[in-house]
Structures are given as structure tokens and as C-alpha cells.
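This report refers to the structure that appears directly beneath it.
Just so it is clear: chains get the letters A, B, ... in the order the sequence lines come, proteins before strands, and each one is counted from 1.
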Amino acid sequence: MTGISGKPEPLSMLDRPNSYIGKSVPRPNLARLMQGRGLYVSDIQLPRMGHVVFVRSPYAHAKILSIDAGEARVRPGVIAVVTGRELSAVITPWVGVLSHLKGLKSAPQHAMAIDRACWQGEAVAAVVATSRALAEDAAEAVLVEYEELAAVTDMRAALDPSTPVIHPLLGDNLAFERIHDTGQVDQAFADADEVVEANFVFGRHTGVTLEPRAVVADWNVAEARLTIYQGTQAPHMVQNIAALHLGLNEQQVRIVCKDVGGSFGIKVHIYADEMATYALSKLLRRPIKFVADRVESFNTDIHARDHRCKGRIGVKRDGTVTAFEIDDLTGIGPYSMYPRTSAIEANQVVNLVGGPYVTKSYRARARVVFQNKNVMCQYRAVGHPIACSVTEGLIDLAATRIGKDPVEIRRHNLIPDDAYPCGSPTGLKFERLSHHASLEKLLGMMDYKGLRAEQAALRERQVHRGIGIASFIEVTNPSAAFYGVGGAKISSQDGVAVRLDAQGSVICQTSITEQGQGSESVTAQIVASALGVSMERVRVILGDTDVTPYGGGTWASRGAGIGGEAALQATKSLRKNILDVAAAILQSSPDELDIVDNGIVNMADGVLRIELKALARVVYFRPDTLPPGIQPELMATRHFVPREYPFAFTNGVQASWLEVDTETGFIKLLKHWVVEDCGTIINPQLVDEQIRGGVVQGLGAALFEKCIYDERGQLTNANMADYLVPMSGEMPDIDVGHVVSPTLESELGAKGAGEAGTAGAAAAVANAVNDALRPFGTVVTEIPLTPQVILTALRRI
Amino acid sequence: MTTAMAISLQVNGERIDAQVPPRLNLADFLREHLHLTGTHVGCEHGVCGACTVRVNGEIVRACLMLAVQADAASVETIEGLSDSGEISDLQTAFSDRNALQCGYCTPGMLMTAQDLLKQEAEPTRERIREHLSGNYCRCTGYQAIIDAVEATARLRGKRTA
Amino acid sequence: MIGVEIPVMRKTSAHFFNEFTRRHGDYAIVGLAAQAEVEKGVFTDFRLGFFAVGDRPILARAAGILLSRAVTPSLISEASDALGVEIEPQEDQQASAAMRRHLAKVLLARAVAALLGRPELRHAGGAV
């Protein structure tokens, strides 16, 4: 793999001897997780720690008339009962807007509601006690008097003049609107031989991380320092925000991330109840622990993907797609989330529809409206699933209309593999993608022709199977274009510090974070390979703002691409420093030496000259034996930020093979395939596993998951028996293949891969279901595709 | 009844005597009283399987059992099964195949997988999926876990053959 | 109740069990436990225990329609219609009453087909 430009080197950094790049090595340090000896936030116990339980509004929209905590305060074990008003003296409110999302508006949100609760589950008071159980007992004794208000619970009516405006000072319930119109769209539709329209409906769903959100906030008044233990993906962002709203300097706040039981974007946001927990610690001057229970999680973890999208496609009889058009409506909560905003998802949908195709004519309107439901924000693959489902659904509809095979119409319209660099109608810049190569590889992997033959044979026996294909592009390695330009203190760069220790081990501190995707492993693999040491000698430290360089963290599929490049550059620098010292000790010159297998060797013949640990011993303990004037430096730090491309786009294609029981509406997923091009792959197993996990989240969205609100804004299925997540019994095996188009923006050439699986899985399933039901003439453009939905579409009920 | 009750039980082979509130569930007892935090709480309503432990040799959901119900019982947690070496081959397979990412479901998965492997020598992938169908994982998508259990079953078969 | 008598299985005994769930281990959306005596392709005894079709399991009287007669698609249809009237399924987030009623009829046809060894009857009874 040679993704480098410019200076020639004997071997690229990635092709060095004993390189771990491209190897599926097991992750280090899994033993503790498998022994049940990990350290998750809910495992943490600190002296004098109090437990907080929140009293939450049972109404979707209500004035808070009074809170009587007298009885609660004297219950056993109670340390304090604090209202929203009382806490506002300690922590300031926030507004979830960014300047680059023109027109985005939102109202100030407090850590706990003061005058008014705006969604069922919003915290209005906090009970702190010596145990969670005692806090829950006391919470029942907190008397809150509410005056119920009319709730906005149907996004379609949110902008009607007769619908109450949730925040009167904002004027209406429109949080954000974006319009895009390029390429003479009306003419393009007029030029089409056929125009197909469909209404796509997506069920609101949520992350359901197995470890619920949890925080331990520890304000040490003597040190005037706040330590927050939290499974956040972006510790420096949390540090910045906690300091800002608590009136502290950043260096007074330390964020520590230990083991995290899953995040997928759920734990990258700023939550009111977590901010309340920080504030309570400061107020009460002792550690406070908050662990959401599962019902709370459903009610207050960010929701996502609540969209109704009208889509239109124009196509010529020869298969050329002339235009795309969408009108997307999404209903968020009563506040735009902080600091990443609840407009990004809709913005992404507009950006990404039509992305894989050459079609230049595209018109889009996206509106984001406030509702009295839980808050909504970025969750794995942000907006991509919507954009992909709409685009790929329209492509299949167009194919059916003109009688073309779904693969043929894609071959006809996907951007050619030699067209790069190029851009999309929405201004996205593509460095190099591989839509066609990926599609061909996919067809081979799945034996497309064989499956079509099998499908035809089974149809004759009234067995209805379907094939669904979904191409997609994915945003990875975002630059400041994503958040920074809008004023968010979210770093788009990351840093890595590496040092050689006295016994020859390599200590590496990185600003990216780990939630199970393998950040630690990928970092160790790069460092070990670039330096020439075995991986067991590399120790990676992450998730501690006191200890790591300043950085963005792991989100938007940026850890390997950005953090990995920083690791590579830092290690190259350390390598040079080591060779400088080695040359001095060995009376040689640096370019005659190399580091291989934990030792300094001759570049020419590979003979070992001195072990690294011996060199380290000299540097640290016997510098008196070094030639005069030398100041050895066995530590190096480098940061990396993408400068040329606002995002490193990747591409992929997925296929679903399934069977629909047309009598019962039940769907059986038989098999799933993904071909993904994410550039240089550092650990193939980890990438494939990210894809599989992402696919299954998409399969959950396609068939099972939906937050069901009633017309009063009550979430009616806030438990794991009624909100259906995918379990092992219903999931298929998933075959993963790759095409590799490295980015030239970094030496590593790695793009991101964390979200690709989720981006396209639901689209592939929906297309497969419609393919299976083709003989019946039904088309379903709604997910989740429950048996009820299928039977209704087939008019069996 | 809110006064504490005395219980006496074995946990990972160690005799434990404790005074517990009747309403305390077994998962919370293990985690908070014994500081055996390997048993994880994911839902507290018996659906996710993260709290799976062994009581008198059978797997149970510790969130659905009261600590007082474990009086005179033998309880085994992931820590015990790890230290005894009973599942070391399964753990190696999990590591080799990256059958865990965040690790939160892993203790429950290992307990349930071991329960299957003790009952069936060569379960099919379908049987493995079925037996693990009550253990929620959000990270892996399950395939690597199925692979790891299948591989372990095969290796155990070779050893006893 | 002072006693329960369970008849011993005979050579002519046959049974059927199936339930529809979204996922392994979930509570049934609709389910059927059926017990029959089949002699020369005719039910000499036939009991249908449906569950999740109401607020309690029921022994469907509609089974009587299929007793001691030659079973044809139109007879299954008749039994199916009778079943539809007999049960009062509830609505919840998993299924509407109409869907439960429909699935009960599907199960009836599948049970008859399986018990008589006549797969072509699976789609009978208005469940197509």
C-alpha cells in the first residue's frame, strides 16, 4: 500500500518489516473485559459519593407551578433535594445553535426545567441520597404541581397556525430550514420519460446502548477541580462545556473515560441531566453518581431519524436518471441539542441524497420542527440512512417503472470510477470513490445471477424472496467544516504523543477515545509498525484530558483516519530521534540504521547493533557516555487535521437477501453482503466487525425499532420488551468485502468505516422486501417493516 | 417488610454472610455489596441478559432474582468462571474473533454460551443463535460471537475425541 | 378441580404447535396448540387451543366443523370464518385485532395441513 506522495523512502511506513498494518491482530487488553473486570462508570465508587435520581415530568408539556420537597428532604438517606431554579444558580443554560446552519434557532435549555417541562421525561428536580434506592424512595415524596399544556406531537401539524408555538419568543416551531436547488430541476423532470414519487416514512428510534448513560462528577472544593467520569466520545468537548457553564477554567475540569458500554453517538452529546449532575457535585461538594435506568434511557437518550420525506425521481427510458427531488420533514424535540445541534441530521440528508450518482439536477427542502417529545440528535450514520433509503428506494422505483434491472440502472448512473476528483450537486468534494468496482465485487460475492434464478424458481412455489441493493457514500474524517466553523468548541484535529521508556517499552498517549471499536488497537498497530517494535511493548493511554493531547475524540468515523495519522507522524518523529541517538552511540549515520524487532539494526544487512532497551538505558541513566553536545529526545508529539478535503468520503454497497411470508407478513433475513471502500485498512477484522455491528443496527431500524409516541406525547414503549432491538435469533450472517482507495491527504491513507454498515442496511432490506413483493404490485416505503405493515400493504387485513 | 434479612450463600466458592433488604435484587447485591461488578445491569427487567449468572448450576437473570432468594445457594459469576479456567478456551476464541467490542454484554454472553456448550457438544449455528437469543449485543451484530462459540465447540470436541 | 385426566396417545394421535413471535423468546402474537385423532384422513377428534387471541387461551369451537367430515378447502374456509367470529383478539403495539384474527386463521389452515399431511391445504380458508 503506497498512499504517499513525494519523497522516496526505502520502504513506505506501511510496508515496513513486521508491520501490523493490514493485520487482524486481536485487540490488546481484552482480558479484563472478558473476566468482568472492566471499569464502567456505574462500577465507580468514591468516598462520600451521593446518588442522584431525577424527578421527571410525566407530561409532554406542562407549567411547573410548584415543587414541595419538604417531605422528601427528611426521608432516610437523603442528602439534598434540588429544584431547577435552585440549580440555575450554579450552572448556566445553553442554546443548541451553530452559525453555519443559517437560520437555526432554539431556546435556552436549563439543566433542569424551571418554569415549564417540555417533554415527558424532562428532569424538574433532583434527589440526592446515599443510595439510588433511597433516592428513588424519596423521589416519590417530591410533590410537583403541574398545569398541563397542549403538546405538539405531530410534526406534520407543527407549523400549522392553529398549533401552539412551543417557544413563543422564537415565533414558530420551525427550528431550521434548508433549501437546495441546482441544475434546472424542472427542466430535468420535463426531460424525463417517467417521473416516480413516493413518501418515505422513518420510525423514530434510539441507540439503546447496553450500558445506559452514566456519570460520576467529583468536585473537589479544596483543589477547586472537577473530575468527571463519563463514557463520552469527546472528552475535550465536555471539558470545555462543563467549564463554561459552571464558571470554571478548562484546566479546572478533568474528564476521564474508562470502559464504555457502547455509544454509537448516544454518548457524544451534552445531556441536561448530566450537566445537572456536574452542578450538583459542585453545589454539594461531594462526588455524585447518575446512572440512567433503562426506562430513563428510552425517554432521555437522544432519539434520531424521525423523518417524513417525499421523494421524486425523473428517469429516461434508457435508464438515465435526470433529477432527484426531496421534501423532508423531521420532528425533533423542544430544544436543539447542544452543542452539535439537531439540524445536522436534516442537513446531511439534503447533502447526501443522490450522492453516488452522476445526476446533476437536484432540488431539496428540509424542515426541522420542534415537538414536545424527547430531544433528537446525531446517532450512528447521522442522516445517511435516510438519504440512502430515499435515494436507493427511488432508484429501484425508477428501474421498475422502465422495466430495468436494479443492477443495470445503477451501472448506468453511478459516478464512474475514473471521474475523480469531482463534486456533488450539493458541493461535496469526492477525492476518489469506487462505486463500480464495489458493485461488481458485491455481485460476485452474492452470486447475483444465481440468486435471481433461485428467486424465480421459488416464486413458482409461492415462496417470495427478494434481493435489495443499496449504494451509498459516507462522511468520514470531518474537518472543521462540520462543527468548528459554526462556533462549536469541538476539535477537528487530534494528537498523539509517543515516548520510549527506560526499559524499551513505548508509551503512547492519544486524544481519540475507545468505546469498543478498537481505537487502542489501531493506535498500537500503527505505532508498533512505524517504529519497528512488537505490539506487546506498546501501551496506549486514552480518555483522560489531564494526560492526553488535545483533540476531537472518536466520532463521525474519524478515529483511525485522523488519530491514526497523528500516531503515524508522531512515531516517525520518534523514530528519527532514536536513530539520531543510535547513530551517535554507534558512530554511524541515521540513514544507515533502522529499527526492527525492538532493536537498532544495519539498514544494509539487518544485523542487530543495539537493543532498544539498551539504548534507552544509556539515554536515561548513562548520558555521560554519549558524545558531547547531544540532547536525546525520546518523546515526540504530532497532531493531524484534514486540510484539503472537508470530509474524506468513502463509498460502499450493500445487498440483502430475504424471504417474505406473504400470509403472515413476517420477514426472514437470509443473508447480507457489504462491500466497503474505506481506504487503507489497519486491522481488517476490526473494520469488518464495525461494519457488521453497523449493519445490524440498520437491520433493527428496517424491521424492528420504533419509538411509539401517543398523541399526548407519551412514549408508550420505553422498555426492552416493547421497543424491539435485534437479537441473535433473527440476524443473518454478513459477508464483508473491500475495495481500497486510500486518501492522499494522509500518509496512512485511512478513511473511516464506523458508520458504513448503518448507512445502507435499511435501504437494502426495504428494496429487497419490495423486490419480493413485486408480483403483488405493492410498494412499501415505510420502516420499520413490521408484519402489520406488510399485511396491510398486501391488503390481507 | 423493610428490615434487613440475613442470608448465607456461596459466591464463586467463597462463603458469604450478609444482611440485605428483601427488595435488593441479586445483581445489585453482587455489584454493590460484594463489589463483583462483572455482572452488568442493562435493563432491570429481564430482557437483555447482561446480568446473567449461574445459581446452583443453572443460568439465571440476576436482576429478576432477589438476593434473599439466593440464600443457601451457590452463585457463580463471570469472575468465578474466569478464575477457575472453566471458560478460558471460550475467552480465547472471543478474543481471536473480536467477539466483543465494548465488553458490556460479554460476561452474560460467556455465561450463556458456556451453558449451551455444557449441554450440547456440537451445536449448529442456528442452535447457538437460538440459545443466545436472550442476550442483547449492540456492538458486534452477533456473527463473531456465533463464530467464537462454534469454534470453541469444535475444539472441545477434538479434545474429548 | 379435583383431578385431571390426560388420555394416553394412540397410533392415530397427532399434534401441532406453532406461534408467531417477532423474535425468539418474545411472547406470542398468536399461537396454537392442537391435538387430533386422525383416521383415514378424517379427524375423529380435534382440539384447537389458541392463545394470545384474547384475554385468555381458548378451546375453539370451530374445530367441531372439521370433525368426522372430508376436509376440503371450503370446509376449512367455513371453520376459519367461524373462528374469526369466535375469538375477540386484543390490540397492542405488536398487532391489531384484525391482524391477530388473520394470523389465527393462518395457523388453523397450517395446523390442518400438517395434521392431515396435506400441504396443499396450508393456504386454504381465506388466509391466502
Side-chain angles (χ1 to χ4, degrees), chain A residues 203-205 208 298 459-464 660-669 696 699-710 714-732 775-776 783-797, chain C residues 16-32 34 50-53 73 76-77 79-81 83-85 87-114 118-128:
Chain A
R204 183 183 255 244
H205 53 275
V208 200
F298 276 115
R459 273 218 210 287
E460 311 208 339
R461 292 171 28 207
Q462 301 301 311
V463 174
H464 299 284
V660 181
D661 184 333
T662 52
E663 279 189 338
T664 64
F666 278 74
I667 294 166
K668 188 166 161 66
L669 300 173
V696 169
L699 299 179
L703 300 181
F704 292 109
E705 299 187 42
K706 184 172 174 176
C707 298
I708 301 176
Y709 275 92
D710 67 15
Q714 301 285 312
L715 181 58
T716 61
N717 63 339
N719 64 76
M720 296 198 64
D722 295 326
Y723 182 99
L724 304 179
V725 291
M727 307 295 278
S728 65
E730 289 68 47
M731 290 300 107
F776 300 87
I783 59 167
L785 291 154
T786 63
Q788 179 95 28
V789 166
I790 301 295
L791 287 176
T792 306
L794 288 171
R795 281 187 265 279
R796 293 220 195 280
I797 56 172
Chain C
F16 172 90
F17 182 89
N18 202 0
E19 60 177 10
F20 294 123
T21 59
R22 293 300 317 275
R23 308 169 303 178
H24 280 72
D26 286 349
Y27 287 122
I29 295 175
V30 169
L32 171 61
F50 280 96
F51 54 96
V53 293
I76 296 178
S77 209
S80 190
D81 288 344
L83 177 69
V85 171
I87 56 177
E88 282 176 32
Q90 300 182 329
E91 157 135 19
D92 62 21
Q93 291 180 346
Q94 299 310 325
S96 64
M99 179 166 149
R100 285 199 157 86
R101 189 169 273 111
H102 169 83
L103 290 178
K105 294 181 183 183
V106 171
L107 275 177
L108 171 63
R110 290 184 181 183
V112 171
R118 291 170 57 189
E120 77 282 3
L121 292 179
R122 269 174 70 91
H123 308 293
V128 184

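- For A/Thr716, the parts sitting under 4.5 Å from any heavy atom of chain C are the backbone and the side chain alike.
- Looking only at distances, a side-chain donor or acceptor of C/Arg22 sits under 3.5 Å from a matching main-chain atom of A/Leu703.
- The part of C/Ile29 that comes within reach of chain A is its side chain, from C-beta onward, which places non-hydrogen atoms under 4.5 angstrom from that chain.
- No other option in A/Ile667, A/Leu794, A/Val725 has as many heavy-atom pairs under 4.5 Å with chain C as A/Val725.
- Under a 3.5 Å cut-off, the side chain of C/Asp92 and the backbone N or O of C/Ala95 do form a donor-acceptor pair.
- Residue contact with chain C, scored on non-hydrogen atoms closer than 4.5 Å, involves the backbone and the side chain of A/Leu724 alike.
- A donor-acceptor pair under 3.5 Å is formed between the side chain of A/Asp710 and the backbone N or O of A/Gln714.
- At distances below 3.5 Å, not a single donor-acceptor pair connects side-chain atoms of A/Arg204 with backbone N or O atoms of A/Ile708.
- Between C/Phe51 and C/Tyr27, the distance separating the two ring centers is not shorter than 6.0 angstrom.
- Looking at A/Met731, there are no atoms closer than 4.5 Å to chain C (heavy atoms on both sides), in backbone or side chain.
- Within the 4.5 angstrom heavy-atom criterion, no atom of C/Arg100 approaches chain A.
- Taking the six-membered ring where the residue is Trp, the centroids of A/His205 and A/Phe704 are separated by 6.0 Å or more.
- Heavy-atom distances place the side chain of C/Asp26, and not its backbone, under 4.5 Å from chain A.
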